[in-house]
Structure formats: structure tokens, C-alpha cells
Amino acid sequence: MKTSSSKAGGPAKGTDPLRPYSSIVLDGPERAASRAMLYPVGFKPEDFKKPIIGIASTWSMVTPCNMHIDKLALEAEKGANAVGGKAIIFNTISVSDGISMGSEGMKYSLVSREVIADSIETVVGCEGMDGFVAIGGCDKNMPGSLIAIARLNRPAVFVYGGTILPGCITGDPRQLDIVSVFEAVGAHANKKINDAELLAIESCAIPGPGSCGGMYTANTMASAIEALGMSLPNSSAQAAVSPAKKQDSHEAGAAVVNLIKKGIKPLDILTRKAFENAITVVIALGGSTNAVLHLLAIAHAAKVKLNLDDFTKIGKRVPVLADLKPSGRYLMSELVAIGGIRPLMKTLLDAGLLHGEALTVTGQTLREDLANVKPYPKGQTIIRPLSDPIKKDSHLVVLYGNLAPEGAVAKISGKEGLSFSGKALVFEGEEKALQAILKGTVKKGHVIVIRSEGPKGGPGMREMLSPTSAIMGKGLGKDVALITDGRFSGGSHGFVVGHVTPEAYVGGPIALVKNGDPITIDAETRTLTLGITAAEMKARQKAWKQPKPRYTRGVLAKYAHTVTSASLGAVTDADLAL
């Protein structure tokens, strides 16, 4: 098979085709000290002739999303070792969006994507690993892993940690998840539930390991990565605690060794067509707006040209078919039970909406991988047929206009309507907006404007799940809209627009909005309009002064200095940022 050279550059390779990097580090008398360091961690003399396979684990007890991944890493290690590799497990960080949401800590969330990518690249590059498995279980360690995979361009497979099972309260038919808790906060503020009911929901919503249970960012990105061809079939649709997930991890370790033998590298898989497949699947599933940000960043790492308008082009021909939370009825665990995303992908392929010739980590094409996939069971209502979609085109709507000249991303399922006009109610930061929603300051007809939350201005581009959930909990989901230069959790729904660019910190038009200004959001014309004259806009721009940076030291200051616009994926590569 003809494969690509490393588009990403990197260190020189050795002459052993199965050990192009580890042979440089470990072979020859002069490398005796390097070998000596590995005997204490379990190496035997024969292991020094095997491909070294890194197992990048995101295990931690910070969050239930990742609390089981240490066990999956052990399975991946066994899988690599069983087929002639020698695996080495190492860790990277994870943070919990669910815990930090609505607080200053959430500013570190998107930053962690870059830290994770950098740390995996650092370990694999430093230790001369010939290939690796990356195992991620929540929002940022998945795209972070893919960014590292693309940069390194060494044979690699991604393993999704798996979805959580639903929580429940005895005698209550509802299936609960983390968004149930956020929305319960709004309901509590609106006197719809009491203290005891809130406590019951918060204590039962998260029953064990796994990622948030709807088509939120984690399950969206897991599905996107499978559609990219970078994880094994069904990796995106397995429960976190299941024999299937253990087997997936074991097979991933073996698959990396197979990729080394076949000479298949990530950049042979991460092509333009692969990204179009990922966008298509995300739209059909009704996935998170964060997929836009992360796919742009992964494409940048893979040196594939992708931009906001590609989401619009693909979105015009791809319908929303999945009736999944947050705007739908079902949880990911229920989709898993009927076959996951593979039957959906087969439907899309047969309709000519996917590129079947795209290569995957199985060593086969997507068409070959899907050849024997059976359709969903008759009578299921989770995935609609193409003839009866939930929405005939994409729910991810890229908007332009005098309020977002470089673009903004709306998540519009159609249930909220396709346009909204109202008067601006402006807040400098998320916390003030949340308090106004909970106290009843926000009224029907308001367009809530939360600014100074962009990649540079936040810094860190916080997610707005707390205010959007409070809006839903207060019963205002169809009566108010929210726009921000920050972003939204995959659990957000309602009439929401994020990623408004340029952001307020750099003087984008969102910085110039005043209370009472008319704002119109139109999903059909794909416009976001501030209803003031050009002369007034120019006068406000002239009077605007850039605020002082909120952080001048540490990782947030470093991030703010290097990060690019959300319209470019909020990447931190020097060639774009400086």
C-alpha cells in the first residue's frame, strides 16, 4: 500500500520499518543506558526488538467520565503485547466540565485540549514510540488526542471510554443525566421543585463511570472520530462498563501493531473526505456545536483545509435523523442498545452522503467496514429514516452579519423556530447572566448577550450550560435567545448562538452591543444582525477600548497570548497565533 510521508515533519527515523522511532532510542551499545532504564518497568531483552506501543491513558478520579480508563489501558496493553508489540502505559490530564461549569475553573477546559495534545506529543516523541493508542472519555481529551495523533503521524488508534448509563429515582420513570441536574437548578429557582426533589435528582443522576449520556460533546466527538476512521467499528457506541468496551480496547492495541506492519499512518486516514464524513455523521446525529470547533482544530493539525463554510455546504444536504438528547427524547445508551451509529452510517453511505473509499484504522475502507452492517430493528424510533427526518438540513447553522462578520455557530433543532428578534440584555461574563436568569430579570423577548468569554478574552471560551439550562428550567426556552463569544456545552439547547467572532476582547461587534439594541437571529438567511446604523456602529467602535487581560501569568495567560479565533478552531499553533 502506498502511504503518505509525514506531513508534520518530526525527528529522523531509524532503518527498522517496524521500529522506526524506538530503534533510534534503544539499539546499539551506545544506547545501553536507555535500555537499562526500561528493565525496571518490565522489559525483557527480547522486548527491545519489538515495536514500542504507547498507551495514552486519560484516567483520573477527577470525573466519572475517566474513572475506569486505567482498566481499559491495561486491556489495550494486553492487545498490543499479544501480537508482538511492547506496550508502555502513560497518563495525561483530564478536567471535568460538569464540575467546573459556571465557575472560573471552566476557563481551563478548552485550554486542557491543548495541554493534552502537547503532553501526548511530548511523551510519544521523547520516548521514541512507534505507535500508540489514545483512550479518552470526555470532551477535551478526545479532540486533544486526535490533535496529537495528527501532529505525530505515527500509527495510532483512538478508543472512546464509553457512555454512562442513565440515572434514576425509585418510582420516577425519568432517565436522568447531568443535564437533568442543571435544568433542575432552573426549575428549583422557579419554585417548580423543592429542595428535597433537587437533592434526589443530583444524588441519582450519575450512577457510575462513563461520559455524559446524551448526544452531548463526548458522544458527538466519539461518533465523529469513528466517522473519521480513527477508531475501531462501534467504539463510539458502547457502554463504559461493558465487555464490548474491554474488547474494543484490547483490539485497539493489536490494531496499532497491524497499522505499523501495513505502513498506514494517521494522515493516510485523516483526509478531506474523512472530515466530510465526520461532519455528515455529526449533523445526522444532531451533535454538539463543539464539534465545529474541534474538527477545525483536528483538521488544522492534519493540514487539511477545512473552514466554517464547509459545515454549511454539507449541512444543506444532510438531515438530522437522531432523536437524541438534549433536544430529543433518547439517551446514548438507548442508541447503543439498537446497534449504535453503524446502521446510520450504512444508511448515509447507501444514500451517497458518505465517502465509502475513505480509509480507516481497520486497514479497510469505510465501505468495506460497513458492508455487513444490519439495519436497525423494526419499530425503533430513535433514528428516523431519510424519508422522514427530524430536520431536513443541519441543526448546526453558521451565521454571518454585522454582529458576526467572521461567523458564529447556532444550534437550531427547529423546535425553537427558525428566527428570533428581541432586545439585547448585555452581561460581561457568564455569572452575572446566570444570576439574572435565576432572579427573573430576564424576560420574554430578551436576547441575552454574554460577552468577554472568547478564547482570548475569557480566556478559555467557557461553555454556557448553566445559563442555557437555567433558561430551560425557568420555562423560557422558546421565549428568549442567547448569544455569546463563548461556547455551549453539548447539553445546551434552546435558541442559542455561540462562537461569535471576532470576540469582544479584540473589539468585535459583540463588544459594542448595548442594552435595548435590537438583535435578529435568522437561521434561514443564516444571519446575525445588530439593528443599529453603520454610522452608530462606527462611532461605538471608535470609542471602544480594549480591556486589560484578566490573567498575566500561568497557563491561562500563555493560552490567551497564543490562541486564535474560534472561527479557526481556537488553535494555539505559533504559525497562526503570532
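Below, each value reflects all heavy atoms present in this structure, side chains not excepted, and no hydrogens, waters or symmetry copies.
Between the W59 side chain and the I69 main chain, no donor and acceptor come within less than 3.5 Å of each other. Between the side chain of R35 and the backbone N or O of P45, no donor-acceptor pair lies under 3.5 Å. Judged purely by atom type and a 3.5 angstrom limit, T58 uses its side chain to pair as donor or acceptor with the backbone of I135. Looking only at distances, no side-chain donor or acceptor of N290 sits under 3.5 Å from a matching main-chain atom of D139. Between the side chain of Q380 and the backbone N or O of I383 there is at least one donor-acceptor pair closer than 3.5 Å. For Y559 (side chain) and K107 (main-chain N/O), no donor-acceptor pair under 3.5 Å exists by modelled atom type. The backbone N or O of G460 lies less than 3.5 Å from no partner atom in the side chain of Y108, so there is not a single donor-acceptor pair. With hydrogens and angles disregarded, no donor-acceptor distance shorter than 3.5 Å links the side chain of R462 to the backbone of M106. Counting only distance, with no hydrogens or angles, the side chain of N307 and the backbone of D310 share a donor-acceptor pair below 3.5 Å. Under the 3.5 Å distance criterion, the side-chain polar atoms of H395 are left unmatched by any main-chain donor or acceptor of V320.
Between D27 and R19 there is a salt bridge, with a side-chain nitrogen of the basic residue lying less than 4.0 Å from a carboxylate oxygen of the acidic one. A salt bridge links K50 with D47: the closest approach of a Lys/Arg side-chain nitrogen to an acidic carboxylate oxygen falls below 4.0 angstrom. Taking a cutoff of 4.0 Å between a charged side-chain nitrogen and a carboxylate oxygen, E75 and K78 qualify as a salt bridge. Under a 4.0 Å N-O distance rule, the pair K140/E463 qualifies as a salt bridge.
Pairs passing the side chain to side chain donor-acceptor pair (under 3.5 Å) check and including a residue from residues 80-92, sequence neighbours excluded, read T92-S119. The side chain to side chain donor-acceptor pair (under 3.5 Å) analysis of residues 337-353, with sequence neighbours excluded, yields the pairs E226-R342, K346-D350.
At most 12 non-hydrogen atoms from other residues, nucleotides or ligands lie less than 6.0 angstrom from NZ of K246.
The line from CG of N219 to SG of C138 is 11.5 Å long, rounded to the nearest 0.5 Å. Between the CZ atom in R154 and the CD1 atom in I52 there is a gap of 12.0 Å [rounded to 0.5 Å]. Separation of atoms CD1 (I93) and CG (N141) is listed at 9.0 Å; rounding is to 0.5 Å. Rounded to the nearest 0.5 Å, atoms CG (N277) and CG (L354) are 4.5 Å apart. Going from atom OG1 of T289 over to atom CZ of F311 covers 10.5 Å, rounded to the nearest 0.5 Å. N153 contributes atom CG, which lies 13.5 Å from atom CZ of R151 (distance to the nearest 0.5 angstrom).
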Check step by step if side chain to side chain contact (heavy atoms under 4.5 Å, CB included) holds for F275 and I298.
CA-CA 9 Å; F275 282 96; I298 297 165; 3.8 Å; yes

Hey, mind stepping through D177 and S180 against side chain to side chain donor-acceptor pair (under 3.5 Å) and telling me if it holds?
CA-CA 5 Å; D177 62 9; S180 306; 3.1 Å; yes

Under the salt bridge (charged side-chain N to carboxylate O under 4.0 Å, His left out) rule, what do D268 and K265 come out as? Steps first, then yes or no, please.
CA-CA 5 Å; D268 299 313; K265 299 174 184 176; over 6 Å; no

Would you check, one step at a time, whether the test side chain to side chain donor-acceptor pair (under 3.5 Å) holds for T365 with E357?
CA-CA 5 Å; T365 65; E357 67 274 27; over 6 Å; no

Could you go through the side chain to side chain contact (heavy atoms under 4.5 Å, CB included) check for V361 and L259 one step at a time?
CA-CA 7 Å; V361 291; L259 290 170; 4.1 Å; yes

With side chain to side chain contact (heavy atoms under 4.5 Å, CB included) as the criterion, how do L72 and K245 come out once you've worked through the C-alpha distance, each side chain's angles and the decisive distance to 0.1 Å?
CA-CA 8 Å; L72 300 183; K245 185 46 65 184; 3.8 Å; yes

Evaluate side chain to side chain contact (heavy atoms under 4.5 Å, CB included) for Y160 paired with M142, printing each intermediate quantity in order.
CA-CA 8 Å; Y160 177 41; M142 289 191 279; 3.5 Å; yes

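When all heavy atoms of C212 and I178 are compared, the pair lying nearest together is SG-CG2, 3.5 Å. When all heavy atoms of A224 and V282 are compared, the closest pair comes out as CB-CG2, 3.7 Å. Nearest approach of D16 to L18, heavy atoms of both residues: OD1-N, 3.0 Å. The shortest non-hydrogen separation linking S112 to V95 is OG-CG2, 3.6 Å. Residues A570 and E114 share a closest heavy-atom pair of O-OE2, 4.1 Å. The two residues A240 and H68 make their nearest non-hydrogen contact at CB-NE2, 3.4 Å.
Using a 4.5 Å heavy-atom threshold, the side chains of L359 and T271 count as separate. Here the side chains of L306 and I279 are in contact, with some heavy-atom distance below 4.5 Å. Within the 4.5 Å cutoff, the side chain of V115 has no heavy atoms near those of the D118 side chain. Contact annotation: the side chain of R113 approaches that of H294 to within less than 4.5 Å [non-hydrogen atoms, C-beta and beyond]. By the 4.5 Å heavy-atom criterion applied to side chains, H300 and I147 are not counted as neighbours. Between I382 and D323 there is no side-chain heavy-atom pair separated by less than 4.5 Å. Between I55 and F132, every side-chain heavy-atom pair lies at or beyond the 4.5 Å cut-off. The shortest side-chain heavy-atom distance between I120 and S145 falls under the 4.5 Å cut-off.
Between the side chains of T217 and S288, at least one donor N or O sits under 3.5 Å from an acceptor N or O. No hydrogens or angles considered: nothing links the side chains of Y216 and S492 as a donor-acceptor pair under 3.5 Å. In the model, S60 has no side-chain atom that pairs as donor or acceptor with a side-chain atom of N66 under 3.5 Å.
Screening K273, R272, E276 for a side-chain hydrogen bond (donor to acceptor under 3.5 Å, both in side chains) with H355, the sole residue that qualifies is E276.
Among residues two or more places apart in sequence or in another chain, the ring pair (Phe, Tyr, Trp, His ring centres under 6.0 Å) test is passed with F48 by Y39, F43.
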